[in-house]
Amino acid sequence: MVAPRLLNKIVATADGRAGRIVEVEAYEGARDEAAHTFRGKTARNAVMFGAPGHLYVYFSYGVHWCGNVVCAPEGVGSAVLLRALEPIAGLEAMRMARGLRIVDRDLCRGPGRLAQALGMTGADTGMDVVAASSRIQFLDDGTPPPKALRGLPRIGISRSMALPWRWIVPDNRFVSRGPGKVAE
DNA sequence: TTAGAGATGATC
DNA sequence: ATCATCTCTAAG
């Protein structure tokens with residue numbers, strides 16, 4: 001599972017907004033009923049069946065955008081949901097996008113907030129986050145992912161709840177929720 | 001501090 | 001009908 005390796009990587013925008021990834025969830029079509037790709041390829045989820053390193057951004061509950069990165073070889077239909085960032089640069093631009101009174105901790109805590117803070121929308125679906133020319137890029141400043149990680153239950157799903165595919169940077173105050181219970 | 005409900009639209 | 005959510009409001 002490559003998802004936990006995204007922890008501590010950096011997401012940056014061309015206009016100087018940046019945050020460190022502190023929480024992710026994996027979704028994998030074939031064995032995961034909660035994945036958008038579980039029922040096969042459609043117009044909406046097609047990018048997830050494509051090459052890794054590309055964004056899949058979908059509209060959730062009629063209100064929020066949520067950003068994922070394709071993290072499996074072509075044809076698999078798998079991606080990783082970005083659930084929380086620790087803001088490290090461009091906080092004022094994030095506040096401009098989210099609301100001027102939002103405190104630092106709430107800027108990118110939760111997938112919908114994170115997307116709003118970075119200005120991520122459906123228009124960004126398909127973007128190559130490894131290419132240096134992209135508006136949104138993933139960077140590695142050398143900080144390794146945490147060791148001895150344990151998968152936790154995912155949040156806000158009603159199927160495949162036993163799959164422990166949520167990972168957080170332990171004790172980081174920018175994660176969207178506490179560790180929660182591990183599925184039995 | 002926590003709990004509940006409503007908003008709102010794409011998808012199948 | 002079902003959601004990979006957030007915010008507000010009200011109560012404790």
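A, B, ... follow the sequence lines: proteins, then strands. Residue 1 opens every chain.
Within residues 62-74 of chain A, the residues having any heavy atom under 4.0 Å from DNA chain B are, by residue number, Gly62(A), Val63(A). Taken residue by residue, residues 108-123 of chain A places heavy atoms nearer than 4.0 Å to DNA chain C at Gly110(A), Pro111(A), Gly112(A), Arg113(A). Annotation: proximity of residues 21-59 of chain A to DNA chain B (heavy atom, distance under 4.0 Å) is found for Thr42(A), Arg44(A), Phe59(A), numbered in ascending order. Contacts between residues 75-83 of chain A and DNA chain C, defined by a heavy-atom separation under 4.0 Å, are made by Leu81(A), Arg83(A).
Annotation: of the two residues near DNA chain C, Gly156(A) and Ile102(A), the 5′-most nearest-nucleotide partner is Gly156(A).
Nearest heavy-atom pair across Ile168(A) and Val175(A) is CB-CG1, 3.9 Å. Taking every heavy atom of both residues into account, Gln137(A) and Ala131(A) meet most closely at CG-O, 3.5 Å. The two residues Trp167(A) and Met1(A) have their closest heavy-atom pair at CH2-CG, 3.4 Å. Across all non-hydrogen atoms, the minimal contact from Leu139(A) to Ala12(A) is CD1-CB, 3.9 Å. Counting all heavy atoms, side chain and backbone alike, Ser78(A) lies closest to Ala72(A) at CB-CB, 3.7 Å.
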If you look only at distance, which donor and acceptor atoms sit under 3.5 Å apart when one is on a side chain in residues 27-34 of chain A and the other is two or more places apart or in another chain?
| residue | atom | partner | partner atom | Å |
| --- | --- | --- | --- | --- |
| Tyr27(A) | OH | Glu25(A) | OE1 | 2.6 |
| Glu28(A) | OE2 | Arg31(A) | NE | 3.2 |
| Asp32(A) | OD1 | Ala34(A) | N | 2.9 |
| Asp32(A) | OD1 | Arg154(A) | NH2 | 3.0 |
| Asp32(A) | OD2 | Glu28(A) | N | 3.2 |
| Asp32(A) | OD2 | Arg154(A) | NH1 | 2.7 |

Enumerate donor-acceptor pairs with a distance under 3.5 Å from any side-chain N or O in residues 113-122 of chain A to protein atoms, sequence neighbours excluded.
| residue | atom | partner | partner atom | Å |
| --- | --- | --- | --- | --- |
| Arg113(A) | NH1 | Arg109(A) | O | 2.9 |
| Gln116(A) | OE1 | Arg98(A) | NH1 | 2.7 |
| Thr121(A) | OG1 | Ala123(A) | N | 3.1 |

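The side-chain heavy atoms of His64(A) and Pro111(A), taken from C-beta on, include no pair separated by under 4.5 Å. By the 4.5 Å heavy-atom criterion applied to side chains, Pro170(A) and Leu149(A) are counted as neighbours. Within the 4.5 Å cutoff, the side chain of Leu81(A) has no heavy atoms near those of the Val24(A) side chain. Between Ile136(A) and Val11(A) the shortest side-chain heavy-atom distance falls below 4.5 Å.
Between the CG atom in Asn45(A) and the CG atom in Asn68(A) there is a gap of 11.0 Å [rounded to 0.5 Å]. A distance of 10.0 Å separates OG1 of Thr125(A) from CZ of Arg44(A), quoted to the nearest 0.5 Å.
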### Nucleotide-level pairing of DNA chain C, given in dot-bracket where Watson-Crick and G-U pairs need both distances under 3.5 Å and | marks other strands
|||.|||||||.
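Under the 3.5 Å distance criterion, the side-chain polar atoms of Arg95(A) are left unmatched by any main-chain donor or acceptor of Arg101(A).
Side-chain contact annotation: Thr143(A) with Arg20(A), donor-acceptor N/O pair under 3.5 Å present.
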#### Entry: Residues Ile155(A), Ser176(A); criterion side-chain contact (heavy atoms from CB on, under 4.5 Å); working and verdict
CA-CA 10 Å; Ile155(A) 292 176; Ser176(A) 68; 4.0 Å; yes
### Query
Run the side-chain contact (heavy atoms from CB on, under 4.5 Å) check on Val69(A) and Phe138(A) step by step: do they pass?
CA-CA 10 Å; Val69(A) 202; Phe138(A) 279 45; 3.2 Å; yes
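A search for side-chain hydrogen bond (donor to acceptor under 3.5 Å, both in side chains) contacts involving Ser60(A) returns nothing, not counting sequence neighbours. By the side-chain hydrogen bond (donor to acceptor under 3.5 Å, both in side chains) test, Arg159(A) pairs with no residue at all, sequence neighbours left out.
In summary, contact between chain A and DNA chain B, defined as any nucleotide atom under 4.0 Å from a heavy atom of the protein, begins and ends at dA7(B) to dC12(B) in the 5' to 3' direction. Here chain A contacts DNA chain C (any atom closer than 4.0 Å to a heavy atom, that is under 4.0 Å), and the contacts span dC3(C) to dT7(C) from 5' to 3'.
Cluster partners of Val47(A), using a side-chain heavy-atom cutoff of under 4.5 Å among ILVMFWY residues and allowing indirect links, are Met48(A), Tyr56(A), Tyr58(A), Val70(A).
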